[in-house]
2 protein chains.
Amino acid sequence: MTRVLVVDDEPQIVRALVINLKARQYEVDSAHDGATALGLAAARHPDVVVLDLGLPDMDGVEVIRGLRGWTRVPILVLSARHSSDEKVEALDAGADDYVTKPFGMDELLARLRAAVRRAEPVGDEGDVIVETGDFTVDLAAKKVNRDGKDVRLTPTEWHLLEVLVRNTGRLVSQRQLLQEVWGPSYGTETNYLRVYMAQLRRKLEGDPSRPRHFITEAGMGYRFEK
Amino acid sequence: MTRVLVVDDEPQIVRALVINLKARQYEVDSAHDGATALGLAAARHPDVVVLDLGLPDMDGVEVIRGLRGWTRVPILVLSARHSSDEKVEALDAGADDYVTKPFGMDELLARLRAAVRRAEPVGDEGDVIVETGDFTVDLAAKKVNRDGKDVRLTPTEWHLLEVLVRNTGRLVSQRQLLQEVWGPSYGTETNYLRVYMAQLRRKLEGDPSRPRHFITEAGMGYRFEK
DNA sequence: ACGGGGCGTCAGGGTTGCGTCAAAGAGCGC
DNA sequence: GCGCTCTTTGACGCAACCCTGACGCCCCGT
């Protein structure tokens with residue numbers, strides 16, 4: 001059975017969605033704020049998330065980023081805001097679809113089916129915890145541990161690490177790194193990468209001057225190795 | 001480079017899309033009717049299709065079904081019709097997203113990015129690997145392994161290897177190699193090839209002086225054999 | 001036998017790209 | 001408004017990479 005996580009702070013919307021979804025044999029969890037949503041997502045591993053952007057405790061886009069850190073579950077954004085910028089921001093943060101309120105239930109359900117359908121053949125989610133000889137990365141908990149102590153990373157450092165770890169062993173081009181971490185309009189600012197790679201190495205490598213995990217491929221990009 | 005197929009019978013829409021997409025480094029094909037669209041899709045294997053529903057020769061939904069018969073390429077539907085039923089029908093036929101005209105270019109591009117992003121495989125073992133008796137090449141990870149150790153290639157060496165491997169068993173002319181690796185304005189600088197072929201052989205061949213995989217066809221070009 | 005074209009090899013020199021450091025700007029909470 | 005952290009920017013030295021030219025070899029035709 002398909003499991004849906006509904007996140008919205010308006011009880012009547014949640015109720016309407018839950019009723020409609022359950023009637024169609026979906027299994028439904030619901031949350032009314034971002035923190036609960038992230039917790040439920042981690043605990044229940046839904047097959048699709050319906051997410052309202054106007055939450056009481058945090059920005060909806062932050063919820064998207066929080067999810068995207070460790071899962072590729074389809075995210076269907078629901079929002080009262082019609083502005084183009086809002087949509088672009090949510091989609092680029094990792095949302096799969098964006099529906100404006102008020103919405104037609106039929107359309108929403110069709111978009112939900114589309115989102116679930118194309119996610120289907122994807123195998124089980126990869127390991128959420130990655131270990132190297134020097135440190136451990138927990139993508140879901142957003143934690144890095146080294147010698148038993150948690151390492152403190154800034155948001156940008158973490159984001160960069162995340163992209164690299166999700167592509168363990170693969171070369172990631174400078175362009176791709178810049179676009180995933182800094183946004184689609186970046187692509188040539190390689191000096192950012194130099195600075196932040198240095199910071200990651202300083203915090204995580206055994207010998208930062210001789211990196212074993214964050215490998216530079218001159219002229220091409222970087223590669224993370226366990 | 002990401003390849004987009006634009007299908008619309010209104011020339012001004014096609015033009016606007018093509019200009020915007022090309023400016024963002026997409027490779028664009030376009031068709032103005034359904035039959036052409038299906039043919040182009042089969043011939044060019046686009047990474048994403050932008051499809052208008054109102055075509056002169058056939059129903060847009062038929063085009064979706066035609067595509068879905070053999071490919072899972074993301075389909076972004078563009079339509080002047082706002083009715084809920086139309087959307088549901090298109091989405092259930094296999095479309096990934098539905099945008100109503102008039103549309104904001106920023107939003108469309110963001111939805112396009114989202115569609116492309118989620119289509120890209122992330123499976124750790126989904127890579128295409130080419131094996132020879134002496135070494136293995138992983139095109140997606142940009143990795144070459146020999147005797148259990150990773151071989152370091154410079155950008156130019158890698159690019160050259162890539163072109164040759166993609167044409168395994170086939171003769172690739174000097175001109176084609178030069179143009180693909182060094183750019184369209186090159187074609188006669190065969191000395192470049194001599195230098196870089198030598199480097200590839202030195203790094204990858206068991207006995208570089210007696211190449212088994214990187215074969216010279218005097219006066220014509222080079223050939224890669226497993 | 002001789003000469004020329006195509007190819008392989010090698011090493012120097014110019015250019016680009018990378019790592020590092022430091023300091024200025026931008027947010028954020030207090 | 002002040003001080004903190006994080007991000008952005010610039011400058012510099014060093015390493016990696018790319019181009020170039022010289023030389024020798026082999027094959028082929030003269």
Side-chain angles (χ1 to χ4, degrees), chain A residues 57-59 61-62 65 142 144 150-162 164 171-175 177-183 185-224, chain B residues 142 144 150-162 164 171-175 177-178 180-183 185-223:
Chain A
D57 61 333
M58 54 196 286
D59 186 356
V61 174
E62 285 312 309
R65 297 217 174 89
K142 279 202 189 315
V144 182
D150 282 352
V151 181
R152 221 183 135 69
L153 295 185
T154 72
T156 309
E157 287 164 6
W158 173 259
H159 204 340
L160 182 60
L161 175 67
E162 205 173 286
L164 288 167
L171 174 74
V172 189
S173 73
Q174 314 180 113
R175 187 181 193 80
L177 284 172
L178 284 165
Q179 295 198 343
E180 291 221 31
V181 177
W182 279 268
S185 61
Y186 292 76
T188 57
E189 296 79 351
T190 58
N191 47 326
Y192 292 12
L193 290 179
R194 295 210 296 278
V195 171
Y196 277 91
M197 287 301 306
Q199 289 175 357
L200 278 183
R201 282 169 176 155
R202 185 149 30 81
K203 291 184 178 179
L204 300 179
E205 288 277 4
D207 177 359
S209 63
R210 241 179 303 279
R212 294 180 46 214
H213 307 292
F214 300 96
I215 318 278
T216 303
E217 301 278 6
M220 302 198 287
Y222 294 87
R223 182 198 309 278
F224 171 76
Chain B
K142 288 213 192 319
V144 181
D150 285 348
V151 181
R152 279 214 121 131
L153 296 185
T154 71
T156 310
E157 287 163 8
W158 175 259
H159 205 159
L160 183 60
L161 175 66
E162 208 174 346
L164 288 167
L171 172 69
V172 188
S173 74
Q174 310 184 111
R175 181 174 205 83
L177 284 172
L178 283 165
E180 291 222 32
V181 177
W182 278 269
S185 59
Y186 292 75
T188 57
E189 296 79 351
T190 59
N191 47 326
Y192 293 11
L193 290 179
R194 295 208 296 280
V195 171
Y196 278 93
M197 286 302 306
Q199 289 176 357
L200 277 184
R201 282 168 175 156
R202 184 150 35 80
K203 291 185 177 179
L204 300 179
E205 289 277 4
D207 178 359
S209 63
R210 245 178 301 278
R212 295 179 47 214
H213 308 292
F214 301 96
I215 320 273
T216 303
E217 302 278 2
M220 310 182 57
Y222 294 87
R223 177 205 316 277

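Predicted, not measured: the structure shown is a model, and the values here were computed from it. Protein chains get the first letters and strands the later ones, always in sequence-line order, with residue 1 at the start of each.
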Can you check the Leu177(B) CG to dG6(C) P distance for me, whole Å? 17 Å
To the nearest Å, how far apart are Leu193(B) CG and dG8(C) P? 9 Å
Regarding the side chain of Ser209(A), the nearest nucleotide among dT9(C), dC17(D), dT20(C) is dT20(C)
Closest contact, heavy atoms only, Lys142(B) versus Arg223(A): O-NH2, 2.9 Å
Which heavy atom of Thr190(B) sits nearest to which heavy atom of Leu178(B), and what is that distance? N-CD1, 4.2 Å
Between Tyr222(A) and dG19(C), is there a contact of a side-chain N or O with OP1 or OP2 at under 4.0 Å? yes
Nearest-angstrom distance from the residue atom CD of Gln199(A) to P of dC18(C): 17 Å
Nearest to the side chain of Pro155(B) - dT7(D), dC17(D), dT20(D)? dC17(D)
To the nearest Å, give me how far apart CG (Leu153(B)) and C1' (dC18(D)) are. 15 Å
Given dA11(D), dG10(D), dC7(C), the nucleotide with the shortest approach to the side chain of Val195(A): dG10(D)
Looking at dG6(C), I'd like to know if its phosphate oxygens (OP1 or OP2) sit under 4.0 Å from a side-chain N or O belonging to Thr190(B). no
So what does Tyr196(A) touch, heavy atoms closer than 4.0 Å: a base, only the sugar-phosphate, or nothing? base
Atom-to-atom span, NE2 of His159(B) to P of dC17(D) - whole angstrom: 17 Å
Which part of the nucleic acid, if any, lies within contact of Gln174(B), taking any heavy atom under 4.0 Å across all strands shown: a base, the sugar-phosphate backbone alone, or nothing? sugar-phosphate
When every non-hydrogen atom of Tyr186(A) is compared with those of Gln179(A), the smallest separation belongs to O-CG, 3.1 Å
Separation of dC19(D) atom P from Glu157(B) atom CD, nearest Å, is 12 Å
Heavy-atom nearest pair, Arg201(A) first then Phe214(A), reads NH2-O, 2.7 Å
Looking across every strand, which nucleic acid part, if any, lies under 4.0 Å from Phe214(A) by heavy atom: base, sugar-phosphate, or nothing? nothing
Side-chain N,O (Thr154(B)) to OP1/OP2 (dC18(D)) below 4.0 Å: yes
Ignoring backbone atoms, test whether Arg201(A) places a side-chain nitrogen or oxygen under 4.0 Å from the OP1 or OP2 oxygen of dG19(C). yes
Reckon Trp182(B) touches a base, only the sugar-phosphate, or nothing at all at heavy-atom distances under 4.0 Å? sugar-phosphate
Distance below 4.0 Å between Thr216(A) side-chain N/O and dC18(C) OP1 or OP2: no
Integer-rounded Å distance: dC7(C) P and Leu200(B) CG: 16 Å
Distance check needed: dC18(C) C1' versus Glu189(A) CD, whole Å only. 16 Å
Could you check whether atom CE of Met58(A) has more than 12 heavy atoms from other residues, nucleotides or ligands sitting under 6.0 Å from it? yes
Which word best sums up how the rings of Tyr196(A) and Trp182(A) line up, parallel for under 30°, tilted for 30 to 60°, or perpendicular for over 60°? perpendicular
Phosphate OP1/OP2 of dT9(D): any Tyr192(A) side-chain N/O under 4.0 Å: yes
